[in-house]
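The structure appears right after this line, and notes come after that.
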Amino acid sequence: MPRALVTGAAQGLGSEIARRLVALGYDVVVHGRDAARTEVALAAAPGAIAGVTGRLDSLASTRFLADDARGRGPYDVIVHNAALGPEQERPLLTEDGIERILQVNVVAPYLLSALLTVPQRIVLIGSDSAFGGHPVVDLSVPDGWESHQAYADSKLLLTMLAFELAARHTDRQINVVHPGWVRTRMGGPRAALPVSDGADTPVWLATSDEAIARRGGQYVHKRRAEAPPAAALDEGLRGELVEHLVTVTGEHLH
């Protein structure tokens, strides 16, 4: 059976994606930030074959997660869903000296991508907030830091990372998806879409043999490829981002 890894699978979108992949016959490995959250993720996706654990707000813990996940692979699909929203009141630096939103939303998926074998398909959960993001490729904390802007910046950088991975692996289906404004803990109760709708396109990208799902390097919304933020198409900017991520993590992409 095909095997999938879903990060951030203890609740919300990640949990729904994991459940749907199990229902489609995938061997699913779910992820939680600590042992208790991993148990929640396993309970939320009956039939998942294993759980892996690791916080994403430190390089050491992300490396631990990669080691744990590698032992459960290899994978046909990886869904990078785990992320922080804009709930912080001020910038918080991690033990690695990186702003926490950037570390979880950008540095962690980069490090996992560098440490795990590249699967046939990767789905990175993005956001249309990326269109309002600034390409802060040096991962610095800007003057006048504001949480919603920091979140938008992180989703733009994640989109750039997705397009860089796709450019390096043109034989793989590596895409970023905007799932819509979904009623999760991050999206809030006033969000327009139920979790089931938000999970539809990520699962479709992970499993479908339709034309769009068989291509890579796309920004996908409602099963349609749309124009991405301009920075995602800028090879020079993407290269600068990767250079800084190499410096921060000590790891190179495949």
Side-chain angles (χ1 to χ4, degrees), residues 1-9 13-32 38 41 45 47-54 56 62-83 104-126 158-177 179 199-220 223 225 232 238 242 245 249 251-254:
M1 291 184 181
R3 182 161 297 200
L5 170 66
V6 182
T7 69
L13 198 58
S15 181
E16 180 69 13
I17 290 170
R19 282 194 294 271
R20 290 194 178 200
L21 290 173
V22 168
L24 290 170
Y26 280 65
D27 286 339
V28 177
V29 177
V30 295
H31 157 254
T38 300
I49 63 167
V52 294
T53 300
L56 300 177
T62 305
R63 289 180 185 279
F64 178 85
L65 168 59
D67 288 343
D68 196 3
R70 190 182 301 111
R72 312 285 185 174
Y75 301 98
D76 300 279
V77 178
I78 295 178
V79 180
H80 290 282
N81 168 72
V104 172
N105 294 5
V106 183
V107 176
Y110 172 88
L111 185 54
L112 290 174
S113 297
L115 294 176
L116 297 175
T117 300
V118 180
Q120 188 60 43
R121 299 193 189 202
I122 300 178
V123 180
L124 297 100
I125 305 300
L158 182 73
T159 302
M160 293 167 65
L161 173 60
F163 274 71
E164 181 62 24
L165 285 167
R168 291 170 180 244
H169 299 281
T170 57
D171 60 332
R172 312 296 170 94
Q173 291 81 58
I174 302 174
N175 295 290
V176 61
V177 59
D200 177 74
T201 296
V203 172
W204 176 77
L205 274 177
T207 63
S208 175
D209 287 328
E210 294 184 40
I212 291 175
R214 287 189 282 106
R215 295 196 293 267
Q218 302 169 108
Y219 177 88
V220 182
R223 300 192 179 192
R238 296 198 321 250
V242 169
L245 287 165
T249 65
E251 301 291 345
H252 292 265
L253 292 175
H254 299 283

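Note: hydrogens, waters and symmetry copies are ignored here, and every other heavy atom, side chains too, is used.
Between R63 and D67, none of the side-chain N atoms (NZ, or NE/NH1/NH2) sits under 4.0 Å from a carboxylate O, so this pair counts as no salt bridge.
Considering CG of L253 and CG of L245, their distance stands at 8.0 Å, rounded to 0.5 Å. The distance from atom CG of D76 to atom OG1 of T207, rounded to the nearest 0.5 Å, is 12.0 Å. Atom OG of S208 sits about 10.5 Å away from atom CD of Q173, to the nearest 0.5 Å. With rounding to the nearest 0.5 Å, the separation of CG in L56 from CG in L112 is 6.5 Å.
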Can you list the steps and then say if R70 with L116 is a side chain to side chain contact (heavy atoms under 4.5 Å, CB included)? CA-CA 6 Å; R70 190 182 301 111; L116 297 175; 4.1 Å; yes

W204 vs I212, test: side chain to side chain contact (heavy atoms under 4.5 Å, CB included). Steps then yes/no. CA-CA 10 Å; W204 176 77; I212 291 175; 3.7 Å; yes

Between V242 and R168, is a side chain to side chain contact (heavy atoms under 4.5 Å, CB included) present by the stated rule, with each step listed? CA-CA 12 Å; V242 169; R168 291 170 180 244; 3.7 Å; yes

Kindly determine whether Q120 and H169 satisfy side chain to side chain contact (heavy atoms under 4.5 Å, CB included), including the steps that lead there. CA-CA 9 Å; Q120 188 60 43; H169 299 281; over 6 Å; no

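Considering every non-hydrogen atom in both Q218 and A225, the closest pair reads OE1-CB, 3.6 Å. Considering every non-hydrogen atom in both A48 and V22, the closest pair reads N-CG2, 3.9 Å. Taking each heavy atom of N81 and G8 in turn, the nearest pair found is ND2-O, 2.9 Å. In terms of heavy atoms, A162 sits closest to L124 at CB-CD1, 3.6 Å. Taking each heavy atom of A69 and Y75 in turn, the nearest pair found is O-OH, 2.6 Å. The nearest pair of heavy atoms linking A18 to V30 is CB-CG1, 3.8 Å.
Counting heavy atoms from C-beta on, the side chains of N175 and R215 never come closer than 4.5 Å. T201 places none of its side-chain heavy atoms less than 4.5 Å from the side chain of P179. For the pair T38 and V52, the minimum side-chain heavy-atom distance is 4.5 Å or more.
Of the possible polar contacts, one joining the Y110 side chain to the E251 backbone as a donor-acceptor pair under 3.5 Å is found. Counting only distance, with no hydrogens or angles, the side chain of H80 and the backbone of V123 share no donor-acceptor pair below 3.5 Å. R172 places a side-chain N or O within donor-acceptor distance of the main-chain N or O of V118, the cut-off being under 3.5 Å. For the pair D27 (side chain) and P2 (backbone), a donor-acceptor distance under 3.5 Å is absent. Between the side chain of H31 and the main chain of L5, no donor-acceptor pair closer than 3.5 Å is present. Although no hydrogens or angles enter the test, the distance criterion places a donor-acceptor pair under 3.5 Å between the side chain of R238 and the main chain of A232. Between the R3 side chain and the R72 main chain, a donor and an acceptor come within less than 3.5 Å of each other. Formation of a donor-acceptor pair under 3.5 Å by the Y219 side chain with backbone atoms of G126 is not found in this model.
Of the options T7, I17, V203, I122, a side-chain contact (heavy atoms from CB on, under 4.5 Å) to V79 is made by I17 and by none of the others.
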